[in-house]
Amino acid sequence: MCEYDYLRKIPYFNTLSENSLKELNKIAYKKEYKKGSIIFFEGDEGDAIYFVKTGKVKISKTSQQGKEHIIKIMEDGDIFAESLLFIGGKYPATAEAIVDSIVIVLKNKDIENLILKNNEIALGIIKLMAKRLQNVAVIIENLALKDSLGRTVSILLTFAREKGVKNKEGIAIELNLSRQDLANMVGTSRENMTRILSQLDKEGVIKLDRHAIIIKDVNALKNLS
């Protein structure tokens, strides 16, 4: 195993040539964060983008009323803070390690210099940014056009697509998230989230386990979105 194999696990970089991976590895450095550590706060000056090598990172915003809204839980290979690449500015959200995590850091200035010399990496970055724009559009649609049930269903379907594991009962999603975390992602109360999940379980659409949610009927779930 070579020293830059971890870069192959990052979408949009896994098809790069050996030379491009070597160049990226030269400007990347690893940082370890214990569970509960803040990687950066919303409003801090941004000068880098980050990739999760191992672990889980929560990206969240806080409303003027002090309520947390979880934007996404980042896992192995996921990128965050890329919105400041090329333009700089302040981080638009807070990043917190919710388990012990190792994060790859790439300074914006180093990436920009590398892109000027390497068209292959430039294309990979463009694809990455385009994908993130699609994700943002989905988030906006969910918040603006769907009720609590619709937003919950949308998130469950996204989890199933991105991290679901098929078994004899359906598609298992290991979340390691509290009901409050899920509620914060959907933008509702913990009590309402519990009611929605319990009702879906009662109707046989999902099954609630201690540390997982099993989607038993994907089509029925999609019909609720």
Side-chain angles (χ1 to χ4, degrees), residues 4 6-14 16 20-21 23-64 67-116 118 120-140 142-143 155 158-159 162-163 176-177 181 184-185 187:
Y4 51 81
Y6 68 93
L7 289 170
R8 297 187 189 280
K9 297 180 180 179
I10 298 173
Y12 316 108
F13 289 169
N14 56 13
L16 294 181
S20 292
L21 289 173
E23 291 299 314
L24 270 175
N25 186 59
K26 288 178 183 177
I27 66 171
Y29 62 96
K30 303 181 187 73
K31 293 190 72 174
E32 297 186 13
Y33 293 92
K34 293 293 186 182
K35 178 181 178 180
S37 299
I38 300 297
I39 299 171
F40 54 76
F41 283 102
E42 179 179 352
D44 287 350
E45 287 293 331
D47 63 351
I49 64 174
Y50 302 78
F51 296 90
V52 181
K53 186 173 188 288
T54 60
K56 295 178 187 291
V57 173
K58 177 176 69 176
I59 308 298
S60 65
K61 288 182 69 68
T62 302
S63 70
Q64 292 182 343
K67 184 176 181 180
E68 180 187 57
H69 177 70
I70 298 176
I71 298 171
K72 192 169 183 182
I73 303 297
M74 300 295 180
E75 300 190 73
D76 296 7
D78 285 340
I79 180 177
F80 56 102
E82 77 284 7
S83 62
L84 301 186
L85 186 60
F86 307 127
I87 61 173
K90 300 180 185 296
Y91 290 120
T94 296
E96 176 188 349
I98 56 175
V99 299
D100 291 350
S101 303
I102 299 175
V103 173
I104 307 300
V105 184
L106 297 171
K107 292 291 186 180
N108 291 347
K109 187 177 296 184
D110 292 335
I111 296 177
E112 291 172 17
N113 290 335
L114 186 55
I115 284 173
L116 292 174
N118 190 309
E120 186 183 28
I121 292 176
L123 182 59
I125 293 292
I126 290 170
K127 288 180 178 179
L128 187 153
M129 300 294 278
K131 180 63 175 177
R132 185 46 51 91
L133 283 174
Q134 289 179 335
N135 292 338
V136 170
V138 171
I139 291 172
I140 292 172
N142 285 341
L143 290 175
I155 285 177
T158 297
F159 283 155
E162 294 180 352
K163 63 187 71 174
N176 295 319
L177 297 174
D181 287 336
N184 290 346
M185 294 185 77

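- A distance-only check finds no donor-acceptor pair linking the side chain of Asp44 to the backbone of Lys90 [under 3.5 Å].
- In this structure, CE in Met185 is found 9.5 Å from CD1 in Ile71, a value given to the nearest 0.5 Å.
- Summarising the geometry, atom CD1 belonging to Ile104 is positioned 11.5 Å from atom CD1 belonging to Ile27; distances are rounded to the nearest 0.5 Å.
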>> I'd like to know whether Ile49 forms a side-chain contact (heavy atoms from CB on, under 4.5 Å) with Asn108, so could you lay out the CA-CA distance, the side-chain angles of the two residues, the decisive distance to 0.1 Å, and finally the verdict.
In response: CA-CA 7 Å; Ile49 64 174; Asn108 291 347; 3.6 Å; yes
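- In terms of heavy atoms, Ile121 sits closest to Asn118 at N-OD1, 2.9 Å.
- For Ala122 against Ile115, the heavy-atom pair with the smallest separation is CB-CG2, 3.5 Å.
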> Does the side-chain contact (heavy atoms from CB on, under 4.5 Å) test come out yes or no for Lys31 and Tyr29, once each step is laid out?
Replying inline: CA-CA 7 Å; Lys31 293 190 72 174; Tyr29 62 96; 3.8 Å; yes
> Would Phe80 and Ile39 satisfy side-chain contact (heavy atoms from CB on, under 4.5 Å), going step by step from the backbone distance to the final call?
Replying inline: CA-CA 11 Å; Phe80 56 102; Ile39 299 171; 4.0 Å; yes
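- Remark: side-chain polar atoms of Asn113 are not paired, donor with acceptor, to backbone N or O of Asp110 under 3.5 angstrom.
- Ala97 and Tyr33 get closest at one heavy-atom pair: CB-CB, 3.9 Å.
- Every residue meeting the side chain to side chain contact (heavy atoms under 4.5 Å, CB included) condition with Asn25, not counting sequence neighbours, appears here in chain and number order: Glu3, Tyr4, Tyr6, Leu7.
- Dense packing is recorded around CD of Glu42, with more than 12 heavy atoms of other residues, nucleotides or ligands lying under 6.0 Å away.
- With salt bridges taken as basic N to acidic carboxylate O contacts below 4.0 Å, none links Glu112 and Lys109.
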>> Show, in sequence, the C-alpha distance, side-chain angles and deciding distance for Lys56 and Val99, and conclude whether the side-chain contact (heavy atoms from CB on, under 4.5 Å) test is met.
In response: CA-CA 6 Å; Lys56 295 178 187 291; Val99 299; 3.9 Å; yes
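- Put simply, NZ on Lys30 and NZ on Lys53 are 5.5 Å apart, with the number rounded to the nearest 0.5 Å.
- When all heavy atoms of Ser60 and Ala93 are compared, the closest pair comes out as O-CB, 3.3 Å.
- Using cut-offs of 30° and 60° for the angle between ring planes, the Phe40 and Tyr50 rings count as tilted.
- A donor-acceptor distance shorter than 3.5 angstrom exists from the side chain of Lys61 to the backbone of Pro92, with no hydrogens or angles considered.
- Put simply, the side chain of Asp100 never gets that close to the backbone of Lys34: no donor and acceptor are under 3.5 Å apart.
- Going from atom CG of Leu106 over to atom CD1 of Ile111 covers 4.5 Å, rounded to the nearest 0.5 Å.
- The two atoms that bring Tyr91 and Gly46 nearest to each other are CZ-CA, 3.2 Å, heavy atoms only.
- In this structure, CG on Leu16 lies 11.5 Å from CD on Glu23, to the nearest 0.5 angstrom.
- Residues His69 and Asn184 form no side-chain contact, since every pair of their non-hydrogen atoms from C-beta on lies 4.5 Å or further apart.
- Taken from NZ in Lys72 to CD1 in Ile155, the straight-line distance is 11.0 Å, to the nearest 0.5 Å.
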